[in-house]
There are 2 protein chains.
Amino acid sequence: MLNKNVFLEKYFLMTRSEENYLKTIFHLGGGDSKSITTNAIAEQMETKPSSVTDMAKKLSEKGLVDYVRYQGISLTDAGVKTALSIIRKHRLWEVFLVEKLDFTWDEVHEVAEQLEHIKSEKLIDKIDELLDFPKYDPHGDPIPTKDGKFQERDEKLLSEMPINSKGICVGVKDSSVPFLKFLDKNKIALGNTITIMDKEDFDHSLRIRMEGKEMRISHQIASNLYVKKND
Amino acid sequence: MLNKNVFLEKYFLMTRSEENYLKTIFHLGGGDSKSITTNAIAEQMETKPSSVTDMAKKLSEKGLVDYVRYQGISLTDAGVKTALSIIRKHRLWEVFLVEKLDFTWDEVHEVAEQLEHIKSEKLIDKIDELLDFPKYDPHGDPIPTKDGKFQERDEKLLSEMPINSKGICVGVKDSSVPFLKFLDKNKIALGNTITIMDKEDFDHSLRIRMEGKEMRISHQIASNLYVKKND
DNA sequence: ATCTATTTTTAGTTTTGTCTAAATTTAATT
DNA sequence: AATTAAATTTAGACAAAACTAAAAATAGAT
C-alpha cells in the first residue's frame, strides 16, 4: 500500500529460511563475489538442489544475491551485510551462553542457531555490551562489528608451529561436537598457553606442555587447533 | 519411521503458531475447562474465526484442547501445562531484559514474544538461575514454576485501598505501551511504597505519597495499578 | 565435435497456516 | 414455533518452503 512498506518488506523482513541461506553461502565463500554451486549449498544445508534454485531466485529478486542460471550464486554487498549481521548475532549469543550461563563449547551451537534469528537491534547491542564487546566467540571465530567489519587473527594451526615455540590457544578448525567434547575432557581451553616440546616424525604427533602438564597429542588434534604465536 | 519419533512429533514439537494459540486460550481463561469462543480467540489474535477453527482441530488431534464443533475450545491438562511453560519463558525473558539489559517496561513485550519460542530447556532454566528464580515479571505478573505451579498474589487495585493505608506497587492491570510509558515518566515503579493520603469524591482521584513526594493521580491510573497491602 | 555423466532447473505436489465466500448451526426475538 | 441475526464451520484458494521426477544445460572424455 505504502511505498515505504514495500521497501521494508522487500529489503528488511527476512524469513528464517532466507537468513539461513545467506549465512551458508557466506560460509562457503560466496562473500567475495565467488560463485557457489547449487549442489554445494544443498549439501551444506541438507536440502535438495531444487530447493536451492527456488531460494536463489527469491534472494536474487530481493537484491541479496547475484544469480545466473546454471552459473552459481554469490552474495551482493547487501547480502554480505545481512549475512554478517546474522553471524554477529550467532557468535555473540554463543559467548553469552558460555560466559553467562555456563554452557559448554559443544552445547552452544544448536541454541545459537535459534537465537540468531531474533529480530531486535537493541537486544543484540545490549548483549554485546553486557559481554563487554567480545572480539571472538567460544570457538575462537571473530565476531563481526556492528558495521560489518571482521577482525581476522594472526593465527596458525598448532601442527604448523616449530619446536620450542609457544602459542596461545585461540580457536578450533573442526567445531564438531565430538572434537569439542574431546577438548573439554582433556582440559584444552581457549586462552591456554601451549609450548611445543617435540614433534614425532613417524606419526606427526606432538609432545606439548600446557598449564604445567606435559602431554602427547595426535596430528589430527594438532591440525584442528588454532594458536596465536606468542614469541 | 520410528514409533518414538512419531510420538515426539505429535506431542512435543510445537510450532510457533500452535504455541501462540495455546497461550491466547489460556489468557482468555480456557485453562479451567471453560470454553472460549472461536470469535474471542480470533479477535485476540487478530486473525479470522475460520483460521481458529482450523487450529482447534489440529490442537484437538494432538490432545492439547477439548473442542466440540460450535461449542468452543478449552485446554486439556496437557494444554495447560504447555501454555504455562510458554508463559514461564515469556515472563522470565521479560525479567532478563529489564534486569540485565536495561530495557524499559514498555519495550520488553515484543522481544519476549520472540524469545518465548526458543526451544531449549537448559537455556530457560539457566536464565531462571541467573535471575535468582524471580517470582514476578516486570509487570508484576507471577512466573509459573518449572512444574507449572502459579503463585498468585494477595493484591488489590490501588483505587480500592482505603485512606491512610499503605501498599507496595506490585503490578499493572493495563500493560499497554502508553500506560507503561506514563508510569516511567512519573517515576512510578514496582516496589515503591504508596500511602493513600486522600480520595476525592468528585472525580475519584487520589492524593498519594510515594518516595517522599506527594502527588495526585486520576482514577484511571489508580484502577490499573496493583498494590500489595502493607499494614 | 560428439557423447556421456553430472549438475541444475522446471513442473507439479505437499504441508502449514492463513484467507474469502458460502453454508450451516446456534441463539435471540417475536 | 418460526424467523432473523450472529457465530461458526466448510470448501476452496493462496503463499512459503520444501519435495520428487523429468527435462535441460554444462562439463569432461574420447
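Predicted, not measured: the structure shown is a model, and the values here were computed from it. Scope of the values below: all heavy atoms of this structure, side chains included, with no hydrogens, waters or symmetry mates. Letters A, B, ... mirror the listed sequences (proteins, then strands); counts begin at 1.
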Legend entry - Flag side-chain contact, heavy atom, 4.5 Å: A/Leu225 against A/Leu183: yes

Legend entry - Selection from D/dT10, C/dT18, D/dT9 that lies nearest to any side-chain heavy atom of B/Tyr67: D/dT9

Legend entry - Atom-pair distance (CG on B/Leu13; P on C/dT15), nearest Å: 17 Å

Inset, instruction - Indicate whether any N or O donor in one side chain lies under 3.5 Å from an N or O acceptor in the other, for B/His117 and B/Asn20. - result: yes

Inset, instruction - Could you list by number each residue of residues 18-30 of chain B showing a heavy-atom separation from DNA chain C of less than 4.0 Å, or answer none if no residue does? - result: B/Tyr21

Inset, instruction - May I ask you to establish whether B/Lys122 and A/Phe103 are in a cation-pi arrangement, using a distance under 6.0 Å from NZ or CZ to the six-membered ring centre and at most 45° from the ring axis? - result: yes

Legend entry - salt bridge (charged side-chain N to carboxylate O under 4.0 Å, His left out) partners of B/Asp128, counting only residues at least two apart: B/Arg88

Legend entry - Any residue of residues 32-42 of chain A with a heavy atom less than 4.0 Å from an atom of DNA chain C: A/Thr37, A/Thr38, A/Asn39

Legend entry - ring pair (Phe, Tyr, Trp, His ring centres under 6.0 Å) partners for B/His204, two or more places apart: B/His219

Inset, instruction - Decide, yes or no, whether a salt bridge links B/Lys149 with B/Asp147 under the criterion of side-chain N to carboxylate O below 4.0 Å. - result: yes

Using a cutoff of under 3.5 Å, can you pull out all pairs of nitrogen or oxygen atoms linking the protein to nucleotides 24-26 of chain C, with atom names and distances?
unit_1: C/dT25; atom_1: O4'; unit_2: B/Tyr70; atom_2: OH; d: 3.4

Legend entry - Pairs satisfying side-chain hydrogen bond (donor to acceptor under 3.5 Å, both in side chains), at least one member in residues 171-184 of chain B, at least two apart: B/Asp174-B/Ser176

Inset, instruction - Choose from C/dT20, C/dT10, D/dC19 the nucleotide whose nearest atom is closest to any side-chain atom of B/Lys48. - result: C/dT20

Inset, instruction - Give B/Ser17 one of three labels, base, sugar-phosphate or nothing, depending on what nucleic acid heavy atoms sit under 4.0 Å from its own. - result: sugar-phosphate

